[in-house]
Every structure is written in structure tokens, then in C-alpha cells.
Amino acid sequence: MRDLTADAKKKDFTIDAEGRAHYDFNKLTPYRNDPDYDKAVQDARKAEESWTRSIKRGVKAVDDADQGVKLALHDAAGIKSFFEEFLDRALGGGDGFNANAVGDIEIVEAREAKRYANLIMAGKELDKEDLAEWQRLMRDNDGDKQFSQTLLNSLGPEGMLKLSNKINDLAYFDNVQDKRSYLHINAGLSNSLATATRVPEFKDDRGKPLRYGTDAYQKAFNNWKHTPDSDFYLKWRQDLREIGDDTYDLKVAGEKFAVGKGAGQDIRGYQSLATLMQQGDGYSAQFIADITDDMIAKEKSDPDIWDLRGSFSGKDDGWFANDPVDGALGVLSRDPDGATGYLDPASAQGKERLHYLLSEGGARLGRRRQLRLPEGRGVGPRRRGQRQPQRSGARHRSSDHRARPPARR
């Protein structure tokens, strides 16, 4: 902040007590009769606004950091809420230094974020102050691997999907007055998943980054998979694969129809995951590719797996990834190099994916998917519209005709 303020002063701006920047317009007085005088004044006023925004962002960043330190100090000192103190007294505990204090601020803040998650999963309402603090926790730790992995490990893959679904229910149905806050929190949860599963940047002998999809990259990735740093990535991919076809509650689907076919319909785990991933950014191409391959494997074994009655498009419910493969490809399309590597027809895997998505998959599933093909060629994006009518009983049965498990509540 001191550096920012000093830079502003060097350019003839002063910062008042409320963080607003003011230009010294006396500097322009000698040029009052100049034909460009009015434009210079306008430029100065725009610069005032720009400096003011920068100062406010700096103040917010400092405040976020201070809140994290305060939270960690409270944890270390054993400062508790009213209810925690009440329980201590009831159980014979006392005040004093917390012998189990956590040393890292990020871990303390992950635990606090999990506490808010527990509250809404238990059906509790958060007030404006709690929502603001939860947003701060997610925003302040955006990109922090320790916070992200700690939070997600405390939730578990299934808990993460249930939490994301609950937040979407609150944002779009149950607490729409706080929609913006809840969507910011879900974006933070998505960014945490991206950070926690981020694959390191591999480089060649000359220090040049290896591009996803190349043989050199694949070799480096395979080597990385045998290191402890990959443990979280590998475990979460496997766990998500196991629950990808499980059924879950989400009101955008379950309340699409009040009665009749489609009433109370459930979504699949991968549909929930793709919806969450769409709300964040910073995902590794490798993670998106692996998840998309796993989704395709599911639908190859059961072409009806993503079927839901009704249309999911537009501002009301277009945010829901009813076709999770399409949703994941949309996330991958934000990384042109990653999308090129994933669908590169020069590689065996890329050629197989292209063949499936453009022919077999499209024909079997009755839809075209958004693809960013190598060399700028593309198909789509398709518009998610009315699904083909489901066969009787298809929603609750898999391709091997065993009944689906009940939705996870």
C-alpha cells in the first residue's frame, strides 16, 4: 500500500483518508487555452478513478490478510464463540492457550470455511456477516494449494458435490436475495478444486514448458504420478470416477416438473462436477482431460446415463451442465493448447476422441458437442435443448439393468 500511494504521489495524485485519489488540477492551469485542455482534464479524472480502484483493491487485500491473521490468533489463543464456551463449561473445560493450535493460517482458514459448509449442509441460514466472511476465506486463499487440499480433504469428493449442489439450490431457489454471494462461494470452491488438482508445469532440458498432449509431456506426467505430490490428484480422480454415476439432489432438475414424468428426477455425480467446474478457472488440461475421458467411459457403457426430462438452457437453468462431457469440453476450450492436445488427430488418443465425439457419440446421444478442434476448426457450440423422450424406467436403471441406487441426500 505504501508503494502504491508513493507511485500515485509521483504522478501528482494525493490520497485522502477514505482512499480516494485526487489529481492536482493546478498542474493543468497553464494549458487552459490549449485545444487539448478539455481532453487532458477528462484523462485526469479517469486516472483519478483508476487510482481509487487500485487503492481500494489494495486496502481489501490487506484487510483480507489481517482477517486471516486474526482468525489464526484466535485459534491459537483458544478464543471461542459463545456456544463453544458454553460447551466447554458444560463439559468441565476451561479457557487458556490452545495446545492443539494449528500453525499455518491457511489450514485454520480451511477449517473455518468447512465450518460454514457444515452449517448450510445442516440447513442453517447464514447472515450477511457470515456470508461475507466465507467469501473472504475463499477469495483470500484462491490459488493456495494447502488451503484447497485441506478444505477438500475435509469435505471429501461426495461432500464437495453435495455442498456445491446445496449452494446452487440456495442461489437459484431458496435464498435468491443472496444469489451473488453464494455464486462467489461456489466459484471459490471450484477454484479450490482446480488448485488442489493442478499438475505442475513440466519443462524440457532447455527450460521450455512441455505442451499437454506431446510425448515428452506424457512421459513427464507419468514420472510425476510416482511422486507423493500426485497423491491427491490420483486419489480424487479415482474417487470421482466411483461416484460419477451416483445420483444426487439438485432442484434445477428435481423441480423441473411438479408432477408426472420428470418430477423429482435426480442428477448424476459427473453432472454436478461439470457444473461446479464451469464456475471456476485455472484447471490443468490434464485434469480436465482425465475427467472427460472418465465421463465418456460412463456414457459408452450407458448412452442414457445423462438423460433428464426438460430443457436446460438460457439464463434460468443454462448454468446446469446436463451434458457433463459437453460442460467439461467447454472448460477445456478456455485453454486452446490443452484443447488442441486433447483432440489432436495426429495422436492415437486424440484421433479416437475425435471419432467418438464427432460420429459415434454424437449419433448415439443425439446431439452435437462444443469442440475446439486443432488448427481452429470447430463444431458447435451446440445449444442444450429438449432431450429425447426417455424410455420407460431408463432414469433408474443402468445399462446392466440393475436398479440405480437412491439419490444421495
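Source: prediction; values computed, not measured. We use all heavy atoms of the structure for the numbers below, so side chains are in, but hydrogens, waters and symmetry mates are not.
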Residues pairing under salt bridge (charged side-chain N to carboxylate O under 4.0 Å, His left out) where one sits in residues 214-232, two or more places apart or in two chains, turn out to be Lys145-Asp229

List for me each residue that meets side-chain hydrogen bond (donor to acceptor under 3.5 Å, both in side chains) alongside [X], sequence neighbours excluded, and say none if there are none.
{"X": "Lys351", "value": "none"}
{"X": "Thr150", "value": "none"}
{"X": "Asp36", "value": "none"}
{"X": "Lys39", "value": "Asp43"}

Q.
Under a plain distance cut-off of 3.5 Å, with no hydrogens placed, do Arg45 and Gln42 share a side-chain donor-acceptor pair?
A. no

Note to self: Within the supplied structure, the quantity of interest is the number of heavy atoms (other residues, nucleotides, ligands) at a distance under 6.0 Å from Arg180 CZ; does it exceed 12?
What the structure shows: no

- request: Carefully, step by step, assess Asp281 and Arg334 under the rule salt bridge (Lys or Arg N to Asp or Glu O under 4.0 Å).
  value: CA-CA 9 Å; Asp281 53 39; Arg334 302 171 194 170; 5.9 Å; no

Residues Gln271 and Pro324: closest non-hydrogen pair is CG-CD, 3.8 Å

For residues 166-173, tabulate all N or O donor-acceptor pairs below 3.5 Å that involve a side-chain atom, not counting sequence neighbours.
unit_1: Asn168; atom_1: OD1; unit_2: Asn186; atom_2: ND2; d: 3.2
unit_1: Asn168; atom_1: ND2; unit_2: Ser164; atom_2: O; d: 3.3
unit_1: Asp169; atom_1: OD1; unit_2: Lys251; atom_2: N; d: 3.0

query: Run the salt bridge (Lys or Arg N to Asp or Glu O under 4.0 Å) check on Lys162 and Glu158 step by step: do they pass?
result: CA-CA 6 Å; Lys162 288 182 177 180; Glu158 183 171 270; 3.7 Å; yes

The side chain to side chain contact (heavy atoms under 4.5 Å, CB included) partner of Ser181 among Asp130, Leu126, Leu131 is Leu131

Exactly one candidate in Asp266, Asp316, Asp317 meets salt bridge (Lys or Arg N to Asp or Glu O under 4.0 Å) with Lys256; the answer is Asp317

Would you verify whether the NZ or CZ of Lys298 falls within 45 degrees of the ring axis of Tyr270 while also being under 6.0 Å from that six-membered ring's centre? no

